[in-house]
Amino acid sequence: MIRRQILALTVAGTLFGLCCVLLAAAGLPQSTGAVSDVDPHTAFGSKNAPVTMEIFSDFQCPACKTLFTATNGKLMDNYVNMGKVYLIHRDFPLPLHAYSRIAARYSRAAAQIGKFEPVEQALFQNQEKWEQNGDVDGTVAGALSAAEMTKVRALVKGGTLDAAIDKDYALGQMYRVNQTPTTVFHCKGQTYPYPGVMSYDILKQFLDQLLSQR
Amino acid sequence: MQSSPFNLRRAIVWIGRLVLAGIFIYAGYSKIFLPIVHPHPPIGVALSFFAMQVDSYQLLPPRGVNFVAHTLPFAEVALGLLLLIGWRLRIWATIVTLIMLGFFAAVVRSYALGLQINCGCFATPEPLTIKTVFRDGALAALALLMTIFAFIDARKPHPWSSPEKA
């Protein structure tokens, strides 16, 4: 009986060890510590904050809206504005959403004139409306003045914004992002990819743990 | 008449023990130590990262999330080892089966609700898809069969044991 148990333990231990090695080898790309290609207009907080959060988001995705409305406000107040977290918005327009890329272009254009925040808010809060009729332009116009909207339209028509969106998308693919929202946390050279929505209370615990690392 | 030591029932119990023990130990280990993150974070960070995955199922209040996140990984490792050792197999097999059925129910519910979440089964980010549902279903079925057959086998004398004296 004991011999059989020892044999079982040996076989399972070997299999387990092999699995660990294989899974560890198939891990995610490791962070070099610094986050590259950051558009300062779509990033918030201090670059020197101990934690960096890159949120790969799609303006037409309902889960992204939930993350934005339920979590981002408190995160901005308690971590980003306090210099603890550097928050970066990354565009990851999913091909299955008809108007995601258009919304991303408008938000990028608004970012270039320093109006990313109100446009991001307008796009998420009115998501149900513009995803039905495709009226992204009208939604953005509601959040900006006429002069600002003229500049935004000119930038969107200019056709130069797709390069930045594609850069974010390629970066997401490097992190193996396959759903939105996906948040990639960076702290002390460590990278933690997290797909899905996070409630603020539980996110807070994780951030506090990251910040308490020595 | 004495039964053969090599029958299907016994084989399923052994396969169940080895497969589920391996999966449970690796699942617990990956949650506690996050092998995909380098340099390895402290256990507190890894467990609070796992708490976010538990929370995404939207089943438990924050206290419940924390309880599960801070106990489940250790329970998985312990149960995996106990399955391997085989001591009081029926008790641990029953507990593993209940846990597997619980996982399966949670995964089916999340899939049916269309929640776009991470499975949280191992350390690697893994979207919850129909594949996850089938995999968890198959493992729950294996656990159930292993437990039932372990109970049936326990009623019979082991074919390798010495014959009882009259």
Checklist entry - Do B:Arg10 and B:Asp153 meet the salt-bridge criterion of a basic N to acidic O distance under 4.0 Å? => result yes
Checklist entry - Hey, is A:Asp162 close enough to A:Arg101 for a salt bridge, meaning N to O under 4.0 Å? => result yes
If I measure from the heavy atoms of chain A, does [X] come under 4.5 Å with its side chain, its backbone, both, or neither?
X	result
B:Val65	side chain
B:Gln58	neither
B:Ile23	neither

Checklist outcome for this item: Shortest non-hydrogen pair, B:Arg17 vs B:Gly86, comes out as NH2-CA, 3.3 Å
Checklist entry - Considering only heavy atoms, which portion of A:Thr182 lies under 4.5 Å from any heavy atom of chain B: side chain, backbone, both, or neither? => result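 Contact with chain B involves no heavy atom of A:Thr182 at all.
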For the candidates [options], which exhibits the highest count of non-hydrogen atom pairs separated by less than 4.5 Å from chain A?
options	result
B:Val45, B:Asn118, B:Val19	B:Val45
B:Leu47, B:Asp55, B:Ile117	B:Asp55
B:Pro127, B:Gly80, B:Pro62	B:Pro127
B:Ala69, B:Pro41, B:Ala51	B:Pro41

Checklist entry - Relative to the ring of A:Phe124, is the ring of A:Phe59 parallel (under 30°), tilted (30 to 60°) or perpendicular (over 60°)? => result tilted
Checklist entry - Using 30° and 60° as the class limits, which term best fits the ring planes of B:Trp92 and B:Trp87: parallel, tilted or perpendicular? => result tilted
Checklist outcome for this item: salt bridge (Lys or Arg N to Asp or Glu O under 4.0 Å) pairs touching residues 62-82 of chain B, sequence neighbours excluded, are B:Lys31-B:Glu76
